[in-house]
Amino acid sequence: MEIKRDIYLNRLIRREKNSLIKVVTGLRRCGKSYLLFNIFHDYLTEKGVPEDHIIEVALDDRSNKALRDPDCMLQYIKERIADRETYYIILDEVQLLSEFEDVLNSLLHIRNADVYVTGSNSRFLSSDVITEFRGRGDEVRIYPLSFREYMSVYKGSVDEAWDDYITYGGLPLVLSWETAEDKAAYLLSLFQKVYLTDIVDRHKVRNKEELDELVDILASAIGSLTNPLKLSNTFKSVKKKPISDKTLKRYLDYLLDAFLVSKAARYDIKGRRYIGSPAKYYFEDVGLRNARLNFRQLEENHLMENVIYNELRLRGYGVDVGLIERREMNMEHKAVKKQFEVDFVAVKGSEKYYIQSAFAMPTLEKQAQEERSLNAIGDSFKKIIVVRDNIRVRRSELGIVTMGIRNFLLDENSLNV
């Protein structure tokens with residue numbers, strides 16, 4: 001089963017021969033190695049690059065243990081560069097290479113070398129990985145499978161695929177398991193034995209129980225506004241444990257650096273400024289989130305919101321939570337300030353979209369409620385409501401577009417309808 005991941009292949013192609021180290025980052029098990037060793041390799045050979053000009057080393061392969069020595073690695077690569085044509089150097093699990101930062105910077109001195117690397121431990125996957133290469137790295141972020149990628153190989157209907165996707169998520173290997181039991185066991189094991197273990201080992205977390213409980217709280221309240229102080233109060237009132245907001249801030253940073261969760265900051269649309277705190281946290285993969293809670297809280301409305309957020313980010317948008325404040329007349333005919341939330345403000349260059357995730361709009365009153373925040377914005381950028389139902393795209397008199405979640409996810413140009 002081969003899953004085409006053209007969005008990432010194209011990003012690699014755009015970065016060819018740019019004199020920087022292409023660093024493929026992302027959540028563990030999301031397909032980084034496959035992208036380089038299979039998809040990108042096939043692209044290179046199909047365009048005529050000779051096999052001996054593609055130098056690939058999987059450092060987690062026991063037979064390549066000697067190449068984990070930095071001097072042996074440099075010698076190995078230099079011995080294979082025999083002419084002035086471009087050589088593509090692809091190193092997987094590069095964190096196993098001693099002094100890998102120094103080795104990669106040394107490779108940049110080889111004029112006809114184009115370098116691509118990936119790694120899978122928490123140190124290499126931290127969000128500040130590019131600084132390890134002193135400004136000479138170019139990050140290509142890869143995410144779990146989008147619903148469009150998932151559907152491209154799924155054997156079943158779109159509705160069945162959607163149900164499976166919001167339950168078990170988009171990690172590629174999930175598709176190789178046939179039963180619900182096997183999928184759940186894989187995700188549960190991965191979360192506990194790989195992701196959290198990496199975080200604990202890297203940051204020398206002394207109280208793993210606190211970290212576990214924080215993950216549970218975030219998983220139970222995806223898309224809810226929170227901050228370290230609010231979380232600290234939750235621990236005191238619900239968990240009966242005094243944990244400082246500073247400690248919880250560190251734990252949140254660990255989860256963000258490992259790409260387990262992502263943070264959406266609040267943005268004042270009218271004031272054109274970030275508010276700071278609180279913020280919303282979403283899981284990089286909803287299957288991992290569900291596994292963390294033993295598949296007990298499968299509220300489709302919240303999972304749909306998380307999926308929309310992830311889809312916008314994998315399409316390359318910066319995503320914030322929008323806030324609108326305006327004056328309205330109350331029952332006593334007095335002007336009062338009211339705040340309205342816009343689920344997502346998605347920005348990429350000059351593009352900007354305002355998006356509401358509305359699970360259902362069964363009545364005109366509910367529709368008016370969802371449109372109210374968008375109507376309050378007042379600028380000319382496109383405004384979209386995404387609903388769970390499989391409906392035709394429609395446009396209101398004020399230009400607000402409503403579409404079904406499947407249409408939004410399966411059409412890569414859905415934002416431009």
Side-chain angles (χ1 to χ4, degrees), residues 25-30 32 60 93 95-96 119-129 132 143-144 168-169 171 173-174 181-264 277-298 302-303 306 310:
T25 64
L27 187 71
R28 292 190 70 171
R29 305 293 193 273
C30 69
K32 299 182 298 297
D60 61 340
E93 304 291 359
Q95 79 283 344
L96 296 174
S120 289
N121 75 359
S122 57
R123 177 194 173 202
F124 191 83
L125 294 181
S126 66
S127 60
D128 60 355
V129 64
E132 297 281 2
Y143 297 87
Y168 302 110
L171 293 179
L173 278 179
V174 167
E181 180 182 0
D182 288 340
K183 292 178 182 181
Y186 169 70
L187 291 169
L188 284 164
S189 176
L190 202 58
F191 204 117
Q192 193 64 36
K193 296 180 180 179
V194 176
Y195 300 125
L196 289 186
T197 298
D198 271 353
I199 293 172
V200 170
D201 290 348
R202 178 192 180 198
H203 299 287
K204 298 179 175 59
V205 176
R206 295 180 180 177
N207 195 331
K208 183 176 179 294
E209 184 179 331
E210 291 178 350
L211 178 63
D212 282 334
E213 291 182 347
L214 172 61
V215 173
D216 288 341
I217 291 172
L218 293 176
S220 296
I222 51 174
S224 298
L225 289 168
T226 192
N227 59 25
L229 181 59
K230 185 175 180 180
L231 289 166
S232 178
N233 292 333
T234 299
F235 270 91
K236 290 176 185 176
S237 62
V238 178
K239 302 292 184 180
K240 307 302 180 184
K241 291 183 177 181
I243 303 177
S244 72
D245 56 326
K246 291 183 180 179
T247 297
L248 291 169
K249 170 66 166 59
R250 287 201 307 272
Y251 289 164
L252 283 171
D253 287 342
Y254 298 163
L255 296 171
L256 290 165
D257 281 348
F259 302 135
L260 268 177
V261 300
S262 299
K263 177 181 176 181
S277 184
K280 291 189 176 185
Y281 292 86
Y282 294 96
F283 273 73
E284 193 86 353
D285 181 76
V286 294
L288 288 171
R289 176 265 180 191
N290 295 336
R292 181 64 195 183
L293 297 176
N294 288 312
F295 300 92
R296 288 191 298 266
Q297 295 177 233
L298 298 178
H302 297 306
L303 294 171
N306 200 142
N310 289 344

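Owing to the predicted nature of the structure, the values given are computational and were not obtained by experimental measurement. Both backbone and side-chain heavy atoms feed into the values below; hydrogens, waters and symmetry mates do not.
Legend: residues meeting ring-ring contact (aromatic ring centres under 6.0 Å, His included) with Tyr282, ordered by chain and number and at least two apart, are Tyr309, Phe344. Residues passing the salt bridge (charged side-chain N to carboxylate O under 4.0 Å, His left out) test with Glu213, sequence neighbours excluded: Lys241. Partners of Asp253 by salt bridge (charged side-chain N to carboxylate O under 4.0 Å, His left out), not counting sequence neighbours, listed by chain and number: Lys249. Arg289 is linked by a salt bridge (charged side-chain N to carboxylate O under 4.0 Å, His left out) to Glu299, counting only residues two or more places apart in sequence or in another chain. Under the rule for a ring-ring contact (aromatic ring centres under 6.0 Å, His included), Tyr281 has no partner lying at least two apart in sequence or in another chain.
Put simply, CG on Asp212 and CZ on Phe191 are 8.5 Å apart, with the number rounded to the nearest 0.5 Å. Atom-to-atom distance recorded for Leu171:CG and Tyr143:OH is 14.5 Å, nearest 0.5 angstrom. In this structure, Gln297 CD and Asp216 CG are separated by 9.5 Å, a value rounded to the nearest 0.5 Å. Note: Lys183 NZ to Asn290 CG = 13.0 Å, rounded to the nearest 0.5 Å. Residue Leu256 holds its CG atom at 10.0 Å from CD of Glu284, rounded to the nearest 0.5 Å. Rounding to the nearest 0.5 Å gives a distance of 8.0 Å between OG1 of Thr25 and NZ of Lys32.
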Go through the steps for Asn207 and Ile243 under the test side-chain contact (heavy atoms from CB on, under 4.5 Å), then give the verdict.
CA-CA 11 Å; Asn207 195 331; Ile243 303 177; over 6 Å; no
Could you go step by step and tell me if Ile222 and Val286 meet the side-chain contact (heavy atoms from CB on, under 4.5 Å) rule?
CA-CA 10 Å; Ile222 51 174; Val286 294; 5.7 Å; no
Apply side-chain contact (heavy atoms from CB on, under 4.5 Å) to Ile217 and Phe235, showing your working.
CA-CA 9 Å; Ile217 291 172; Phe235 270 91; 3.6 Å; yes
One pair to check against side-chain contact (heavy atoms from CB on, under 4.5 Å): Leu188 and Asn294. What are the steps and the verdict?
CA-CA 8 Å; Leu188 284 164; Asn294 288 312; 3.6 Å; yes
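A distance-only check finds no donor-acceptor pair linking the side chain of Ser189 to the backbone of Ala185 [under 3.5 Å]. The closest donor-acceptor contact from the side chain of Tyr195 to the backbone of Arg28 lies under 3.5 Å. The backbone N or O of Ile199 lies less than 3.5 Å from no partner atom in the side chain of Asp257, so there is not a single donor-acceptor pair.
Tyr168 has its ring centre less than 6.0 Å from the ring centre of Phe295.
The side-chain heavy atoms of Asp245 and Leu231, taken from C-beta on, include no pair separated by under 4.5 Å. Contact of the Leu218 side chain with the Phe283 side chain is registered, since non-hydrogen atoms from C-beta on lie closer than 4.5 Å. Contact check for Thr247 versus Tyr251: side-chain heavy atoms found under the 4.5 Å cut-off.
Using a 4.0 Å cut-off between charged nitrogen and carboxylate oxygen, Asp198 and Arg202 do not count as a salt-bridge pair.
Across all non-hydrogen atoms, the minimal contact from Ala219 to Arg292 is CB-CG, 4.5 Å. Residues Leu288 and Asp285 share a closest heavy-atom pair of N-OD2, 3.0 Å. Here the shortest heavy-atom pairing between Gly287 and Leu187 reads O-CD1, 3.7 Å. Residue Ala264 comes nearest to Ala279 through the heavy atom pair O-CB, 3.4 Å, listed as atom of the first residue, atom of the second, then distance.
Applying the side chain to side chain donor-acceptor pair (under 3.5 Å) test to every pair with at least one member in residues 223-234, sequence neighbours left out, gives these pairs: Asn227-Ser277.
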